[in-house]
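Presented below is the structure to which this report refers.
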Amino acid sequence: MRFLVVLTDLKGWKSVPSSSLEDADAAVNDLIRFMGSSGSGLYVSIGRYINKLDVLTSPQTKTMIQADDKFLITAAAVTLALRPLNATNFTSIGSDLLNVHSAAAQYCMFLLTIPRLTQRLPTVLVSAIKHKSILSPCLQALLILKDNILKEMSKLDDLKTQHFLKVIPPVGWALANIICLASRSETDFVDPGGLNQSLNYAIYIHVVIILAESLLSWLHDNGGTEKGKHYSEVDEQVGYENESLCPLKISYLDLLRPVCEQWHLAKLLVISKSDACNFTVETSIAQDPKCSRKLEFLDIAYYYSYMLRIFSILNPSFGPLPVLNMLSFTPGFLVILWEALESLLFPAKGHTSADNEFSRNKVSENKKDGDIKKTQRQLNKEGTNKWTNVLHKFTGKSQSGDDYVDSVDAQPSAQADDALQDIWDVEPLRRGPTNISKDMSCLLHLFCAVYSHLLLVLDDIEFYEKQVPFALEQQRRIASVLNTLVYNGLAHAGQQNKSLMDSAIRCLHLIYDRDCRHQFCPPVLWLSPARKSRPPIAVAARTHESVLFNLKSDDAAIIPSGGSVITAIPHVYPFEERVQMFREFINMDKVSRKMAGEVTGPGSRAVEIVVRRGHIVEDGFRQLNTLRSRLKSSIHVSFVSECGVPEAGLDYGGLSKEFLTDISKAAFSPEYGLFSQTSTSERLLIPNTTARYLENGIQMIEFLGRVVGKALYEGILLDYSFSHVFVQKLLGRYSFLDELSTLDPELYRNLMYVKNYEGDLRDLSLDFTVTEESFGKRQVIELKPGGRDVCVTNENKMQYVHAMADYKLNRQILPFSNAFYRGLTDLISPSWLKLFNASEFNQLLSGGDFDIDVDDLRNNTRYTGGYSEGSRTIKLFWEVLKGFEPNERCMLLKFVTSCSRAPLLGFKHLQPYFTIHKVPCDASLWATIGGQDVERLPSASTCYNTLKLPTYKRATTLRAKLLYAISSNTGFELS
């Protein structure tokens, strides 16, 4: 080998007479040409040799120049491998004398596919194979001869001679080796890290795209992406345990580390903005059109889109997180990405006309425009009031956010409404991902993945006030794009792009959740894609149940990516329709229980309990908690008075309603200790962290979940609302920093202060701990292992902010929310709950708006005891009720039904029906014209939703007596 090295070096032929130099030159050329051909077997042999070398993991070992035989043999082998590629630089050798394609192709197939090539060679030899004269011909050959080279690489994969190749195919190792060779070493003293300065970046990116696409195809064929699981299986004949694969994958991804570096992306972005091609190539290979393309931003998008998918499959611990972190926080990248995507989705002419149409339709809603502009001006104000106004807005102390909701709900003409809906329904995406171009699919996938990652850490001040990275108008357009894409992707059958659909659904959920907390999109935007094509409610409900059954049976062949429309994006259905679906699900469940023999007739299998008025929570817990799903059956309640005397009466459903109402009132009271109220103005309920110290505290919270589930199952309204963060846990959703303002505004304000602190954070003497106090004892909890000893600095402040938010929003309440969830889902299927967002769940539990529709109530009221719709007192009652203020009407409803809100679908769904019972009283006829009227006060039987109304003769008397009764907060004892 040493002789061959010398023989192929023209400098070693100095002793040859000048007359014979031309013959010697030709002989050397012939020898090098033969070495570069497939017939010589040179690259096969050198590849086998290097493959046997140990992986040099220690930098000291790699940098040592060893003088032993092994090093000399390796150096000679590498030199011979490079000879045919170096020969392209000889002025005496033309393209007609040397088949450069063959040599470069052989080099790619047998050397670049060696697992961890750069780690097997000493640094001095790695520098040689990184040289432009070696790497450029290989990249060009891969670009021009990709089909042949990839085919030969697949043959190497079929051999499966090594454990390495059974986990990562040869094309995967070629990809990793090329990325390593194209990047500078971190130990380079002149320019540590960075891309090879003399590299042809356009060809480099195109080659990586080709290899990455081939690797993903191999992973897909070998189960790497099946059902969203990471590729972790190897042929049973290998004899290796799966546990050994994770370290191998991690070491493989370590070779791709340059992809996760910001300098890598920054360099590529700078080059893509250059007008001229950024390379010059001296060989004839460069004349191929494939090698003369300019680096475009679309190429960079493909590059990182494929890298995200590779990391998602092969990274067992963090998935694509390293790449996403870099892409999300690279300044300007998301904006450029959206601009590229927008140019495809909204061509200049169409985009402008759509905007103009939107503007014209908004003329009829001038109040809305004024409210939005006013809000935006307030958001942009500088000064000391800026933080206070924003935080008040987020915590509910300001109604500025409601103006937009009210104005959007205004009723423009039907034609204008249809035009608005058409604008939010993005035309190129009306068939989902099936008919869009490959370029658009790539840009959408990358944008959704990166933006959803950024949304996790973007706080509300950045999103709404600073409006980074996008203005709110752009956010609305992004929402409409994703909404249209996801709906049509799920609604239309066909082959789906799973990675695109998964990332789009995730990003859409995050945008929708933020809009639910603080609205920035008109409601019509979310409903737009499904407004003409959504199926009837009953059909949608049965389709939803069918999809869930298939998911349970693991029949993935008939399940679209992300499940059904209702499973993935129920918000495309109006809220009222989803409430009807919810009731349809419950009716279907009741029918199935009846068919299974669980319900055989009136009163069958009813649960009978005896409850003491003064111990309603304890008695209910003791008798009902172990029933679990059997609690769906009827409950027959017998009350025992405070004096220990059984109360007379038969339970036809009214007493069970009274029981659920009274037990909720007692157990959810902050004084009881199981739940507390948030510090926001709404005073919403959230589990009390000290409940764990109470006797059966966690079990009691689980029981309350069953109580709420029973109320939802029977359609009984409870006049309580839970914290947004707590409901998110019940819906199976994780909470992030931006939601903290709804739970603890003061803590949120303090964390924002830390996040934006410009001085040295060490001055604040913070560490990674949080202190809790319960029953006079202080407990220090670490936010991370060893957090007591970790000081918060400017470098780790973001980690501290998100760790603190994660503790308050997730970790602290998780045991309680899990317990409540277990109880709730004993009666209510989790899939039914996911039809709603957090605020909608509270409406489902406690009813509609803070007013009632008097006409609807009148049409669904029953009269007993001698009253009829034509009775004089009844006519006076409806006249008085219409004259009440909204809060007074709500007080009346609470007085009669124990809940201040109307049923979501109207009073026809109130059970039992709203009833007015006649209470005969003596009064002279003169009472109608000013004489003595009835003195008796109205009373109520909340268990039967019955108002006991005396026969008043004058409206003024009825109004005064009714207001006195409903304001006294009592019912039975009034007479």
Side-chain angles (χ1 to χ4, degrees), residues 649 653-655 657-658 661-662 665 716-717 719 846-903 906-975:
L655 293 181
K657 172 183 179 293
E658 182 183 356
T661 302
D662 288 352
K665 181 178 180 180
I716 297 173
L717 299 179
D719 204 6
S846 59
D849 298 329
F850 290 98
D851 197 3
I852 62 175
D853 185 340
V854 177
D855 292 333
D856 180 42
L857 177 61
R858 185 172 187 171
N859 293 333
N860 293 280
T861 296
R862 293 181 177 180
Y863 306 99
T864 61
Y867 274 146
S868 67
E869 190 172 357
S871 301
R872 174 178 175 79
T873 303
I874 295 301
K875 292 180 178 179
L876 292 176
F877 172 80
W878 294 117
E879 178 185 333
V880 167
L881 187 59
K882 283 192 173 182
F884 273 2
E885 295 294 327
N887 66 310
E888 293 172 336
R889 286 192 286 265
C890 291
M891 289 169 62
L892 171 67
L893 190 62
K894 185 177 179 102
F895 177 75
V896 179
T897 68
S898 75
C899 184
S900 61
R901 299 188 187 185
F907 283 98
K908 67 179 180 180
H909 293 276
L910 181 66
Q911 295 296 328
Y913 278 99
F914 190 91
T915 302
I916 302 179
H917 182 77
K918 182 177 181 178
V919 180
C921 298
D922 294 331
S924 67
L925 293 176
W926 294 104
T928 60
I929 58 174
Q932 182 67 34
D933 204 348
V934 177
E935 291 295 329
R936 185 179 179 128
L937 290 169
S939 62
S941 178
T942 57
C943 54
Y944 296 107
N945 294 337
T946 298
L947 173 64
K948 299 175 181 179
L949 187 66
T951 53
Y952 299 110
K953 299 298 188 293
R954 292 197 307 270
T956 53
T957 305
L958 191 152
R959 176 184 174 86
K961 297 293 185 181
L962 202 55
L963 283 176
Y964 181 88
I966 65 178
S967 301
S968 63
N969 199 29
T970 57
F972 280 113
E973 66 272 20
L974 292 176
S975 62

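When a residue number appears, it is its place in the shown sequence, counting from 1.
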Point to revise | From CZ (F914) to CG (L857), nearest 0.5 Å | key: 5.0 Å

**Study point:** side chain to side chain donor-acceptor pair (under 3.5 Å) involving D855 - partner list, sequence neighbours excluded
**Key:** K882

Check your understanding: Taking all atoms of both residues into account, what is the closest heavy-atom pair of A902 and I852, and its distance?
Key -> CB-CG2, 4.1 Å

**Study point:** Set of side chain to side chain donor-acceptor pair (under 3.5 Å) partners for K918, sequence neighbours left out
**Key:** none

Check your understanding: Within the distance-only criterion (no hydrogens, no angle test), does the side chain of K953 pair as donor or acceptor with the backbone N or O of R872 below 3.5 angstrom?
Key -> no

Point to revise | Sidechain-backbone polar pair: K657 side chain, Y944 backbone, donor-acceptor under 3.5 Å | key: no

Check your understanding: Excluding sequence neighbours, so at least two apart, what forms salt bridge (charged side-chain N to carboxylate O under 4.0 Å, His left out) with R959?
Key -> none

Check your understanding: Taking K665 for the side chain and D719 for the main chain, is one N or O donor matched with an acceptor at less than 3.5 Å?
Key -> no

Exercise for review: Enter the distance from Y863:OH to I874:CD1 here, rounded to the nearest 0.5 Å.
Suggested key: 5.5 Å

Check your understanding: With sequence neighbours left out, what residues match T915 under side-chain contact (heavy atoms from CB on, under 4.5 Å)?
Key -> R862, T864, T946

Point to revise | Counterpart residues, side-chain contact (heavy atoms from CB on, under 4.5 Å), relative to D856 (two or more places apart) | key: D853, N860, F907

**Study point:** For S846, all residues meeting side-chain contact (heavy atoms from CB on, under 4.5 Å), sequence neighbours excluded
**Key:** S721, R901

Point to revise | Note, K961 side chain near R936 side chain (heavy atom, < 4.5 Å) | key: no

Exercise for review: Would you indicate whether the side-chain heavy atoms of L963 and I966 approach each other to under 4.5 Å?
Suggested key: yes

**Study point:** Beyond-backbone contact of F877 with L962, side-chain heavy atoms, under 4.5 angstrom
**Key:** yes

Review point. What are the two closest non-hydrogen atoms of T951 and V934, and how far apart are they?
Key: O-CG2, 3.5 Å

Practice item. Show your reasoning for whether side-chain contact (heavy atoms from CB on, under 4.5 Å) applies to W878 and T861. Key: CA-CA 11 Å; W878 294 117; T861 296; 3.6 Å; yes

Review point. Is a side-chain donor or acceptor of S900 paired with a backbone partner of M891 at a separation under 3.5 angstrom?
Key: no

Practice item. Grab the two heavy atoms, one from P938 and one from L947, that are nearest each other, plus how far apart they are. Key: CB-CD1, 4.3 Å

Review point. What residues form a side chain to side chain donor-acceptor pair (under 3.5 Å) with S871, not counting sequence neighbours?
Key: S868

Review point. Which heavy atom in N945 sits nearest to a heavy atom in P912, and how many Å separate them?
Key: ND2-O, 2.7 Å

**Study point:** Y867 (side chain) donor-acceptor with V919 (main chain) under 3.5 angstrom
**Key:** no

Review point. With sequence neighbours left out, what residues match Y913 under side chain to side chain donor-acceptor pair (under 3.5 Å)?
Key: none

Practice item. Check step by step if side-chain contact (heavy atoms from CB on, under 4.5 Å) holds for T897 and L910. Key: CA-CA 9 Å; T897 68; L910 181 66; 4.2 Å; yes

Point to revise | Residue pair T661 / S898: nearest heavy atoms and the distance that separates them | key: CG2-OG, 3.2 Å

Check your understanding: Taking side chain as C-beta onward, heavy atoms only, is L892 less than 4.5 Å from L881?
Key -> yes

